[in-house]
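Convention: sequence-line order gives letters A, B, ...; per-chain numbering from 1. Please read these numbers as outputs of a predicted model, since none were measured by experiment.
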Number of protein chains: 2
Amino acid sequence: MTSYSTSEENYIKAIYHLQGEEGMVTTNELSAELKTRPASVTDMLKKLKAKKLLNYEKYQGFRLSTEGRKVALGIIRRHRLWEFFLSEKLRFSWDEVHDVAEQLEHVTSKKLIDKLDEFLGFPRFDPHGDPIPDQHGKIATHERVSITVIPLNHSMEVCHVGNQAPDMLDILKHNNISIGTRLEVRKKFAFDNSLEIRIGRQQPFILSNEVARHIWVKKIERS
Amino acid sequence: MTSYSTSEENYIKAIYHLQGEEGMVTTNELSAELKTRPASVTDMLKKLKAKKLLNYEKYQGFRLSTEGRKVALGIIRRHRLWEFFLSEKLRFSWDEVHDVAEQLEHVTSKKLIDKLDEFLGFPRFDPHGDPIPDQHGKIATHERVSITVIPLNHSMEVCHVGNQAPDMLDILKHNNISIGTRLEVRKKFAFDNSLEIRIGRQQPFILSNEVARHIWVKKIERS
DNA sequence: CTTTATTTTTAGCCTTGTCTAAAATATTTT
DNA sequence: AAAATATTTTAGACAAGGCTAAAAATAAAG
Ligand SMILES: [Mn+2]
Ligand SMILES: [Mn+2]
Ligand SMILES: [Mn+2]
Ligand SMILES: [Mn+2]
């Protein structure tokens, strides 16, 4: 397959993150994101357009083409798999993984990435809770997930409780959990799949898997 | 610390491998090794000299300085740790690891490499049997000899292959030879210095001197 | 509907790392 | 020792990816 320079990849990834569902990205926005002068951005836009990765008309803004989006998802897949590896296997803390992953994401070997994915057990979310695209660029769009499957030490917001039996609500009340509560999973005990949970700076506590699997959370929307 | 470009690192590593214990490396040798024209090599030699990594005088050949050697060992450490990771954790076969490691070796993060080393259990040899320098650049040496010089009918363990060209690997694969294989030399043919080799109870086979001299073995460690 | 301000593009320059062709130096042969 | 050959360096060019300053296009004010 065709491959792209580190610089091209960084532009593609940044454009992907800036363009939402619709609407155009502007030269200045991208310039700010990449900390590169607007004139340099314009140069690269022309190159990416020539390579058919970008829909771009002078002065009119731009968005990735279908092909460009595909390339972006490949880069994001690599980035997030490496972040997961660093966090889960090398015990990096979740705020240290990003910078190293910025470098590792540019190592291109399909085999490397697919074997890494397998080695890691096909994780669906990176240490920040962002979804990891699969081999085909599919991303888990689950708005909410059970706390039994979220990564460790990442604060998330309770948005759903899948069982409203009185005994269940009793436990939730006792532990100060309600919709909107922000909590993180500190440890998973493989023996009985129980979880150690912490809310803010409070004393951590244990939830059995029976309870935990009914508690669903979503990413905290940051501004 | 100071860091170097991918290109600089590739030059430094190549020079390290070309310069033995003593004697000068020539521009043409390095040019051949890197598949780069001699004129380009001369340019880089000047840059490395300016950065005090190289002892170099026009027309007189060159060797790495003490600092240059230190940098080289760091690159080799990264390369071989990644090769070990690919082989041991991702189940790459030992002839697939090199090309990917060529890319990974240029990712610079001391923490990444030291954590990786720890995760892998501080391995001392890569999948080709080459020693992995430790944090301080120390390399373990095991006593090894080429199979062209070992006594007949003494089983020994393959611990190093001195040539990783694809054609070489093809022959090794065909004959089921890899690092760790135990074999013995049954006969030496004086006419062309070819050897008759036997692995365990398998059918013996012949290796030309061309091939055999790149295969190194050590005593079998028993415990 | 002009004038002004902002955004974007063009034009020209710089650095890194590569190349080819030609000149300089070193080595080998006669 | 001179000539022929091989090696190495210099000179000049180019592509990628960045920059500044100026021009062109668009958007916002008056
Ligand atoms: Mn990240
Ligand atoms: Mn990046
Ligand atoms: Mn290697
Ligand atoms: Mn390399």
Task: Rounded interatomic separation in angstrom, taking NZ from Lys49(B) and P from dT8(D) - done: 16 Å
Task: Candidate list Asp134(B), Asp130(B), Asp117(B), test salt bridge (Lys or Arg N to Asp or Glu O under 4.0 Å), partner Arg77(B), passing option - done: Asp117(B)
- [ ] Quickly work out the Arg37(B) CZ to dA22(C) C1' distance and round it to whole Å.
- [x] 14 Å
Open item on the list: Students often get this wrong, so: under 4.0 angstrom with heavy atoms, is Thr27(B) touching a base, only sugar-phosphate, or nothing?
Closed with: sugar-phosphate
Task: cation_pi(Lys49(B), Phe62(B)) dist<6.0 Å, angle<=45 - done: no
Task: Strand-adjacent residues in residues 5-25 of chain B, judged by heavy atoms under 4.0 Å from DNA chain C - done: Ser5(B), Ser7(B), Tyr11(B)
Task: Sidechain-backbone polar pair: Ser109(B) side chain, Val100(A) backbone, donor-acceptor under 3.5 Å - done: no
Task: Length of the line joining Asp43(A):CG and dT15(C):P, which is rounded to integer Å - done: 18 Å
Task: Salt-bridge criterion met for Lys47(B) and Asp43(B) (N-O under 4.0 Å) - done: no
TODO: Report yes or no: is the cationic atom of Lys89(B) (NZ for Lys, CZ for Arg) closer than 6.0 Å to the six-membered ring centre of Phe84(B), at no more than 45° off its axis?
DONE: no
Open item on the list: Does Lys46(A) qualify as a cation-pi partner of Tyr56(A), given the criterion of NZ or CZ under 6.0 Å from the six-membered ring centre and within 45 degrees of its axis?
Closed with: no
Task: Near-ring test His160(B)/His214(B), centroid separation under 6.0 angstrom - done: no
- [ ] Grab the CG-C1' distance between Asn28(B) and dT27(C) for me, whole Å please.
- [x] 13 Å
Open item on the list: Checking contacts here: which listed nucleotide (dT18(C), dA11(C), dT8(C)) is nearest the side-chain heavy atoms of Ser40(B)?
Closed with: dT18(C)
Open item on the list: Whole angstroms only, please: what is the CE-P distance between Met44(B) and dG17(C)?
Closed with: 5 Å
Task: Sugar-phosphate only, base, or nothing, as touched by Tyr56(B) at under 4.0 Å among non-hydrogen atoms - done: sugar-phosphate
Open item on the list: The side chain of Thr36(A) is closest to which nucleotide in this list: dT26(D), dA26(C), dC19(D)?
Closed with: dC19(D)
TODO: Could you say whether Gln60(A) or Pro38(A) is positioned toward the 5' end of DNA chain D, judged by the nucleotide with the nearest heavy atom to each?
DONE: Pro38(A)
Task: Between P of dA25(D) and NZ of Lys58(A), the distance in whole Å - done: 8 Å
- [ ] Starting at atom NZ of Lys47(B), determine the distance to atom P of dT10(D), rounded to an integer number of angstrom.
- [x] 14 Å
- [ ] Round to a whole Å and report the spacing from NZ of Lys46(B) to C1' of dT16(C).
- [x] 14 Å
